[in-house]
Each structure stands twice: as structure tokens, then as C-alpha cells.
Amino acid sequence: LWPWLLASSGLSALVQLVTLPFFPDSPSYLLIQKGNEEACRKAIRKLWGEGDHQAEIDDIMKEKVAMTSTKTLRVLEVIKERSLRWQLYILMTVMTTLQLCGINAIYFYSFEVFHTAKFEEYLIPYVSLGVGLCECLSSILCSTLIDRFGRKVLLWGGYTLMCSVLALLTMTLSLQHQFFWMHYFSVILIFLFVIFYGIGP
């Protein structure tokens, strides 16, 4: 079953490969990058139907003017630019914490935790699949929460909860040989960590 499940991801790629040539190019790409206004109008009509779409074309033209008046910076220029210093620090901090937050370690060691929790061997891949499903669902939930609470609250909250879960997980893994129920608590904590990762970072 697993080879078929892995191969099924190629089905969506195949559908995309077959249908993509029939989709129109982006109107903004045609007008801004290619400078072809007629092709842009044709793409707009194909996407939105017949009618007067001059307002949309005017918006794209304003975007084009704004892009031409903006200077494109090289990487070293971005690093040296004082006005972009704080944005660069924030971006580097977010990306670094994202890489070092522990999600890869959780995925790597989850199989061993499930095995120690006395799950049947044939059930462990399905439990691991459940962990991935939790991340997917929490990411969908994040898209609804971000408008209500904002990115900053979700980042702080997500990292705080993830740190708490990792501290508890370290404790439960250390005590798993003393208390039989610690194995199951560790499994719950893995699911919670993945959920908080999906909602936060």
C-alpha cells in the first residue's frame, strides 16, 4: 500500500502537467514583463469573461510604474542598507529559529518513541502519518487564526508552547523507564508539538 500511496503524489503533478498549457499567462506578467497589452487584455477576458476591464489594466500599469521607480538591490547592498537593517535581523532570526526549533528531531525520533510506547509495528507508520496530518490541519487552522491574532502573536505563542512541550518531552523521555504511562504521554506531546509548530512558525 505504501508504494502506491507515495506514487499517488505524482498523480497531481501529472494533472498539472497536462492542464497547465491550457491556462492563460498572468495578465500582470504579460503587461509588466512582456509589455504586451493586447495579450494582457486577452488573458483578462479569458480569466474574468467579457466586459470592461480597464480598471484592472490601470492597476497593473500603476504597479509597473512603481516597479520601474524602485531600485533593485544586490545582496551586499541589502546587507549594507541601514534602512533595511531591522527587517534583515527579523528575517534572519525567524529563519534561524525555524531551522533550530526541533521539528526535524521530532520527526526523526518519533518512530523510536512510538516503538517504545509499545505500538504494534504495523501501526507505527499510520501513527507517523497522523503526525503529518496534524501538521497539515494545524497549518490550515493557522491561515484562519493569522487574520484574527496577527503573525507576531502566533510566532511568540507557537515558540513558547513548543519550548514548553520540548521541556516536558525531555522529562517524559527521561522518566519513561520508571513509569509505564510516560510512553503514551510522550506520544501526546509529539502530536502537540507538531500542532503548535503548524499554528506558530
Side-chain angles (χ1 to χ4, degrees), residues 1-17 20 75 78-79 81 84-201:
L1 183 64
W2 284 103
W4 287 105
L5 189 62
L6 286 171
S8 66
S9 60
L11 184 64
S12 60
L14 182 64
V15 170
Q16 198 173 34
L17 186 68
L20 205 56
V75 176
V78 170
I79 293 169
E81 183 64 45
L84 300 174
R85 195 70 51 84
W86 273 110
Q87 293 92 321
L88 191 63
Y89 288 155
I90 290 168
L91 182 66
M92 287 171 63
T93 304
V94 170
M95 295 312 295
T96 304
T97 52
L98 193 62
Q99 290 299 314
L100 302 176
C101 70
I103 189 68
N104 293 327
I106 289 290
Y107 276 124
F108 185 78
Y109 288 110
S110 62
F111 187 88
E112 189 178 329
V113 173
F114 298 150
H115 187 74
T116 311
K118 303 294 190 293
F119 278 100
E120 295 289 339
E121 200 72 34
Y122 74 93
L123 281 176
I124 292 176
Y126 294 101
V127 180
S128 299
L129 186 64
V131 171
L133 188 63
C134 271
E135 184 180 353
C136 181
L137 292 175
S138 59
S139 299
I140 294 168
L141 178 63
C142 174
S143 63
T144 60
L145 293 176
I146 197 166
D147 291 331
R148 182 175 295 180
F149 298 108
R151 186 75 178 142
K152 191 175 180 180
V153 173
L154 290 182
L155 276 173
W156 277 107
Y159 280 125
T160 304
L161 291 169
M162 285 163 64
C163 285
S164 306
V165 169
L166 282 178
L168 286 170
L169 187 60
T170 303
M171 189 172 63
T172 57
L173 290 175
S174 302
L175 299 172
Q176 64 183 352
H177 298 296
Q178 298 179 30
F179 304 98
F180 75 94
W181 49 269
M182 280 292 181
H183 304 303
Y184 305 105
F185 195 41
S186 298
V187 172
I188 292 168
L189 287 173
I190 284 175
F191 275 89
L192 284 175
F193 183 87
V194 170
I195 289 168
F196 295 147
Y197 172 80
I199 291 173

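Keep in mind that the numbers below use all heavy atoms, side chains included, and drop hydrogens, waters and symmetry copies. What you are looking at is a predicted structure, and each value in this text was computed from that prediction instead of being measured.
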Decide yes or no for Phe185 and Leu175: does some side-chain heavy atom of the first lie under 4.5 Å from some side-chain heavy atom of the second?
no

Are the side chains of Phe111 and Val127 in touch, meaning some heavy atoms are under 4.5 Å apart?
no

Quick check for you: to the nearest 0.5 Å, what is the distance between Ser138 atom OG and Ile195 atom CD1?
6.5 Å

Shortest non-hydrogen contact from Leu154 to Ile146?
CD1-CA, 3.7 Å

Heavy-atom pair of closest approach, residues Arg151 and Gly200:
NH1-O, 3.2 Å

About how many Å separate CG of Asp147 and SG of Cys142, when rounded to the nearest 0.5 Å?
9.5 Å

Can you tell me how far the CZ atom of Phe196 sits from the CD1 atom of Ile103, to the nearest 0.5 Å?
12.5 Å

With Val113, which of Leu189, Leu169, Ile190 fulfils side chain to side chain contact (heavy atoms under 4.5 Å, CB included)?
Ile190

Could you check if a side-chain atom of Tyr159 sits within less than 4.5 angstrom of a side-chain atom of Thr97, using non-hydrogen atoms only?
yes

Between Tyr197 and Leu98, does a side chain to side chain contact (heavy atoms under 4.5 Å, CB included) hold up when you go through it step by step?
CA-CA 9 Å; Tyr197 172 80; Leu98 193 62; 4.0 Å; yes

Tyr107, OH: over 12 other non-hydrogen atoms inside 6.0 angstrom
yes

Short question: side chain of Arg85, backbone of Val78 - any donor-acceptor pair under 3.5 Å?
no

Spacing of OG1 belonging to Thr93 relative to CG belonging to Leu88, to within rounding of 0.5 Å
9.0 Å

Residues Met92 and Thr96: closest non-hydrogen pair is O-OG1, 2.6 Å

First locate atom CG of Leu192, then atom CG of Leu166, and finally report the distance between them rounded to the nearest 0.5 Å.
11.5 Å

How long is the gap from CD on Glu135 to CZ on Phe193, to the nearest 0.5 Å?
10.0 Å

Parallel, tilted or perpendicular: ring planes of His183 versus His177, cut at 30 and 60 degrees
perpendicular

So does Gln87 have more than 12 non-hydrogen atoms from other groups sitting under 6.0 Å from CD?
yes

Any heavy-atom pair between the side chains of Phe179 and Thr172 that's under 4.5 Å?
no

